[in-house]
2 protein chains.
Amino acid sequence: MNIGDVADLSGLPAKTIRYYEDIGLVAPLRSSNGYRSFRQSDVHKLAFLGRARALGFTIEDCRSLLKLYADTERASAEVKEIAEVHLERIDGKIAELTEMRATLSHLVKACAGDQRPDCPILADLAMENKADPGKKASG
Amino acid sequence: MNIGDVADLSGLPAKTIRYYEDIGLVAPLRSSNGYRSFRQSDVHKLAFLGRARALGFTIEDCRSLLKLYADTERASAEVKEIAEVHLERIDGKIAELTEMRATLSHLVKACAGDQRPDCPILADLAMENKADPGKKASG
DNA sequence: GTTGACCTTCCAGTTACTGGAGGCACCATC
DNA sequence: GATGGTGCCTCCAGTAACTGGAAGGTCAAC
């Protein structure tokens with residue numbers, strides 16, 4: 001199979017598939033004309049990668065997961081460990097974003113959003129209410 | 001003030017401050033010895049940047065926000081627009097992460113995490129339950 | 001034999017920094 | 001005036017995971 005077909009099947013852009021070959025995640029064969037020639041197993045791998053990436057796993061996670069997948073002697077504990085670390089990463093990000101969201105939505109609500117220059121958003125960013133912008137807030 | 005003092009005051013690493021000068025967000029003076037010489041207004045600007053970045057605004061957002069902040073004729077609507085777009089970006093990310101989290105935590109719970117090779121996480125990524133890995137799921 | 005789709009490689013750009021090398025500047029001390 | 005330590009300078013490279021584009025080869029159809 002050529003890269004275009006594999007792109008259609010796996011849902012990954014051809015560019016991405018080439019990149020994955022570059023970094024050693026897949027190793028398709030080559031036809032005599034120089035075209036990459038993908039086997040079913042390559043397509044399977046790429047689909048696996050697509051789903052792992054969709055779950056937010058890093059490329060290095062994906063590399064480890066592929067290795068574990070290939071190893072029928074693996075302990076599921078190793079897979080679970082990777083997933084748990086990733087889950088915590090996600091939780092961290094969600095927490096961070098949720099905090100940002102809270103502050104930001106508060107500010108957006110407070111802003112009139114009209115033609116006047118007065119703006120609580122800018123005021124907050126500039127800490128205009130703060131007398132001494134160099135010390136930590138006391139509250 | 002030298003860059004080290006400003007770094008302490010603003011909470012930004014010196015490296016980041018230099019980078020911000022590079023991309024034109026601040027323009028400190030120079031002393032005769034070539035050192036950057038920061039005024040109070042520069043420090044204020046950098047603290048502004050630090051807070052905007054902490055809220056997740058992109059550098060380009062920050063550039064716009066600084067410009068609006070400097071413009072006393074601004075309409076708060078412009079500021080609000082930037083903030084609202086950013087808020088939607090955040091909501092999008094939270095939604096995405098929340099979905100990932102749901103799937104992932106489901107899989108993690110299903111995985112024994114012991115010495116045996118059987119692993120629902122890998123099974124899911126490989127879509128082993130799927131007879132035809134090339135079509136969309138029917139359910 | 002030429003069009004057009006598809007494939008190739010290679011290089012550069014994206015975001016927002018961060019690390020490090022190599023080298024002055026400054027201050028204190030001997 | 002030499003030395004040591006810290007701080008500052010510039011410039012280059014690397015990060016994560018692609019993505020876009022240029023320049024050019026291949027293939028099937030007409």
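Letters go in sequence order (proteins before strands), and every chain restarts at 1.
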Could you tell me whether [X] and [Y] have a side-chain N and a carboxylate O separated by less than 4.0 Å?
X	Y	result
B:D42	B:K45	no
B:E96	B:R89	no
B:R116	B:D114	yes

Which side-chain N or O atoms in residues 100-112 of chain B pair as donor and acceptor under 3.5 Å with protein atoms at least two apart or in another chain?
residue: B:R101; atom: NH1; partner: A:D91; partner atom: OD1; Å: 2.6
residue: B:R101; atom: NH1; partner: A:D91; partner atom: OD2; Å: 2.7
residue: B:T103; atom: OG1; partner: B:E99; partner atom: O; Å: 3.3

Roughly how many Å is it from [atom1] in [X] to [atom2] in [N], rounded to a whole number?
X	N	atom1	atom2	answer
A:F38	C:dC7	CZ	C1'	11 Å
A:I23	C:dC10	CD1	P	17 Å
A:R36	D:dT26	CZ	P	15 Å
A:D5	C:dA5	CG	P	16 Å
B:D8	D:dC8	CG	P	9 Å
B:E60	C:dC17	CD	C1'	14 Å
A:N33	D:dA28	CG	P	9 Å
B:R30	D:dC8	CZ	P	12 Å

First encountered from the 5' end of DNA chain C, between A:G4 and B:T58: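 Looking at DNA chain C, the more 5' nearest nucleotide goes with A:G4.
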
Pairwise side-chain contact, B:Y20 with B:L49, heavy-atom cut-off 4.5 Å (strictly under):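 B:Y20 reaches B:L49 side chain to side chain.
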
Interface with DNA chain C, restricted to residues 13-22 of chain B and to heavy atoms under 4.0 Å: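 Nucleic-acid contacts, sorted: B:P13, B:K15, B:T16, B:Y19, B:Y20.
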
Parallel, tilted or perpendicular: ring planes of A:F57 versus A:H86, cut at 30 and 60 degrees: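 It falls in the tilted class, 30° to 60°.
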
Plane angle bin for B:Y69 and B:H44 - parallel if under 30°, tilted between 30 and 60°, otherwise perpendicular: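 It falls in the parallel class, under 30°.
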
Out of D:dC8, D:dA17, C:dA16, whichever nucleotide has its closest atom nearest the side chain of B:Y35: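 Of the candidates, D:dC8 comes closest.
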
DNA chain D: 5'-proximal contact among A:R53 and B:G34 (nearest heavy atom):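 The 5'-side residue here is B:G34.
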
